[in-house]
Protein chains: 2
Amino acid sequence: MSWVEKFPGLSRLDPDLRRRLDRDGKVLKVPEGKVIFGPGSTADNLLLLISGTVRVQHLSDSGRQIVLYRINAGESCVMTTACLMAHDAYSAEGITESEIEAVAIPRATFDDLVARSPDFRSFVFEAYSRRIADLFLVIEEVAFQRIDIRLAQKLLDLAGQGDLVRATHQQLAGELGTAREVVSRQLQEFRRRDWITLSRGEIALSNVAAIRALAEA
Amino acid sequence: MSWVEKFPGLSRLDPDLRRRLDRDGKVLKVPEGKVIFGPGSTADNLLLLISGTVRVQHLSDSGRQIVLYRINAGESCVMTTACLMAHDAYSAEGITESEIEAVAIPRATFDDLVARSPDFRSFVFEAYSRRIADLFLVIEEVAFQRIDIRLAQKLLDLAGQGDLVRATHQQLAGELGTAREVVSRQLQEFRRRDWITLSRGEIALSNVAAIRALAEA
DNA sequence: CGCGGTCTGTGACCTTGTCACCAAAGTCTG
DNA sequence: CAGACTTTGGTGACAAGGTCACAGACCGCG
């Protein structure tokens, strides 16, 4: 089975074009914790993520950090391609959060497919619009949302189905674009209310309902 | 002379395609202060701005506001097209800051040109990348930059070549995504240092060098 | 002129970010 | 295992920024 099947947006492509993708795309594996693009590295390929996740974040001069969005399996990395194309001072970087499998599509193939396939065009433009919506959300949150609410949302997000979050306070601060001390203090406050229990490197959610109520306030 | 000449990115298009643009694109004028797209209005055309500027901003539930970017003459409005395509909860709006002249390109024509012209593709993707870079910048500023520095930058920006800014404190707050009181207080501080003089609805910059020094700190 | 709306100034208070420093928990090494 | 070092977390003091409440200044208009 070809990797093309893994991408819902590509499944309706013409068989001809799917073979083209299959032929020109190079599958590669990257271990966890690698910077796959960032300032200085000109991305010449479109990356499609088969498995794993990539965290896209921004580092400020002052050493603070904020997570902009994540690329999940089945998604693509269009932003970086386009962004590096025209603009130099682009200081976001993508880091693998687990081992990933990805396909690199050469620029020429990408361009050709955009020209020939309406479905591929939809795929690309939808990928863009999702990312842009993510960025709008980040702006809204950073500019207008209280930090306790954002932290509650992030804890629920990172806990997923379970009720355990494996992350240091520093990492949570990086997710939210704030300082470590702020996260520590908010977590203390949550603990004081018996919503969570804290231990080194992990946070157990003991009252998910209360956390959710705050997150949705 | 056709409006197509006004767009540097389109000037190298094949004569055939330029005629196509000329024929299908509808030129329209919109007066100042109109909402040309926003929540609820599905943009079915690609807008190209011949003259004037459009301010794209985001309104929060709490009534605060932030300016995301501006569309200037010769630029296009790709983001909104793509964004509305896939995502509903998109709460940015575009407002004309002066009377504008624009060309509306129907979706079908847009799609066809993307398919047929590499130059048009570059035009579109470059427009995207510029906007995305703008959004990255906004995030960086909102998350990590001090408000006095951002205000200094904005004053210089709005003053242009001259040394007079026509804007209320409320409008400046909207530009920066902060509260009116914060702007008022910072302006008082600038005045105390004899960098500016204040009067109702306008700010005269009397020490541009000092303001620039702060802006570049 | 008086009146209502808009714009600006300001104090009090709360939240968030910064700085400094310490303590506890892990890790490494001899 | 002891001791040194690193990472993580806790906390107080203070600065910066956001919220609330309210007052006074300015503007256009009848």
Side-chain angles (χ1 to χ4, degrees), chain A residues 33 58-66 138-155 158 164-193 196-204 214 217, chain B residues 33 58-66 138-155 158 164-193 196-204 214 217:
Chain A
H58 175 90
L59 297 165
S60 81
D61 312 324
S62 56
R64 262 165 69 196
Q65 178 190 330
I66 185 167
V138 170
I139 292 174
E140 153 112 51
E141 299 254 296
V142 171
F144 305 127
Q145 194 67 282
R146 293 175 51 96
I147 203 73
D148 52 354
I149 293 172
R150 295 175 58 211
L151 180 57
Q153 290 168 345
K154 186 55 76 176
L155 289 175
L158 293 177
L164 185 67
V165 176
R166 292 194 172 279
T168 66
H169 299 185
Q170 183 66 65
Q171 286 169 334
L172 290 170
E175 293 279 336
L176 301 174
T178 183
R180 201 261 314 161
E181 296 91 318
V182 174
V183 170
S184 288
R185 267 198 289 265
Q186 285 299 333
L187 289 175
Q188 288 309 312
E189 176 60 23
F190 289 175
R191 191 188 55 174
R192 206 185 54 70
R193 298 182 200 164
I196 60 175
T197 52
L198 294 168
S199 42
R200 192 184 173 91
E202 58 183 47
I203 297 151
L214 176 62
Chain B
H58 175 91
L59 296 166
S60 81
D61 311 326
S62 55
R64 263 166 68 198
Q65 177 190 330
I66 186 168
V138 170
I139 292 174
E140 153 111 50
E141 299 253 297
V142 171
F144 304 128
Q145 193 66 281
R146 292 174 51 97
I147 203 75
D148 51 354
I149 293 172
R150 294 175 58 210
L151 180 57
Q153 290 168 345
K154 186 55 76 176
L155 288 176
L158 293 177
L164 185 67
V165 176
R166 292 195 172 278
T168 66
H169 300 184
Q170 183 65 67
Q171 286 168 334
L172 289 170
E175 293 281 335
L176 301 174
T178 183
R180 199 260 314 161
E181 295 91 319
V182 174
V183 170
S184 287
R185 270 199 284 264
Q186 285 299 332
L187 289 175
Q188 287 309 312
E189 177 59 24
F190 290 175
R191 190 187 55 174
R192 205 186 54 70
R193 298 183 200 165
I196 60 177
T197 52
L198 293 169
S199 41
R200 191 185 174 90
E202 59 183 46
I203 298 152
L214 176 61

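Numbered from 1 within each chain, the chains take letters A, B, ... in sequence-line order. Values below: every heavy atom of this structure, side chains too, minus hydrogens, waters and symmetry copies.
In the interface, the side chain of A:Arg200 is paired with the base of D:dT7 through a donor and an acceptor atom under 3.5 Å apart.
Residues from residues 168-182 of chain A that place a heavy atom under 4.0 Å from any atom of DNA chain D, listed by number: A:Thr168, A:His169, A:Arg180, A:Glu181.
Between A:Ser60 and B:Glu140, the shortest heavy-atom distance links the atoms CB-OE2, 4.0 Å. Closest heavy-atom contact between B:Val142 and B:Ile66: CG2-CD1, 3.5 Å. Between A:Leu198 and A:His169, the closest heavy-atom pair is CD2-NE2, 4.4 Å.
Counting heavy atoms from C-beta outward, B:Gln186 and B:Ile147 have side chains that approach closer than 4.5 Å. Inter-residue side-chain proximity for B:Ile203 and B:Leu172 is flagged as met; some heavy-atom pair is nearer than 4.5 Å. Between B:Glu141 and B:Val138, the closest side-chain pair of non-hydrogen atoms is not below 4.5 Å.
Side-chain atoms of A:Arg191 and A:Gln188 include a donor-acceptor pair closer than 3.5 Å.
At a threshold of 4.0 angstrom between heavy atoms, the contacts of A:Gln186 are confined to the sugar-phosphate backbone, with no base atom among them. B:Arg150 comes within 4.0 angstrom of nothing in the nucleic acid, heavy atoms only. Nucleic acid contact for A:Arg185: base, since at least one base atom lies under 4.0 Å from a heavy atom of the residue.
As a whole-Å value, the separation of B:Arg64 CZ from D:dG17 P is 13 Å. In this structure, CG of A:Leu187 is placed 15 Å from P of D:dT8, rounded to the nearest angstrom. Going from atom CG of B:Asp61 over to atom P of D:dT19 covers 13 Å, rounded to whole Å.
Mapping heavy-atom proximity under 4.0 Å, the span of DNA chain C touched by chain B runs 5' to 3' from C:dG5 to C:dA12.
Place B:Arg146 and A:Gln188 on DNA chain D by their nearest nucleotides, and A:Gln188 ends up nearer the 5' end.
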Audit row: A:Leu214, A:Leu151, side chain to side chain contact (heavy atoms under 4.5 Å, CB included) steps and yes/no: CA-CA 10 Å; A:Leu214 176 62; A:Leu151 180 57; over 6 Å; no
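Ion pairing between B:Glu189 and B:Arg193 holds under the 4.0 Å rule for side-chain N and carboxylate O.
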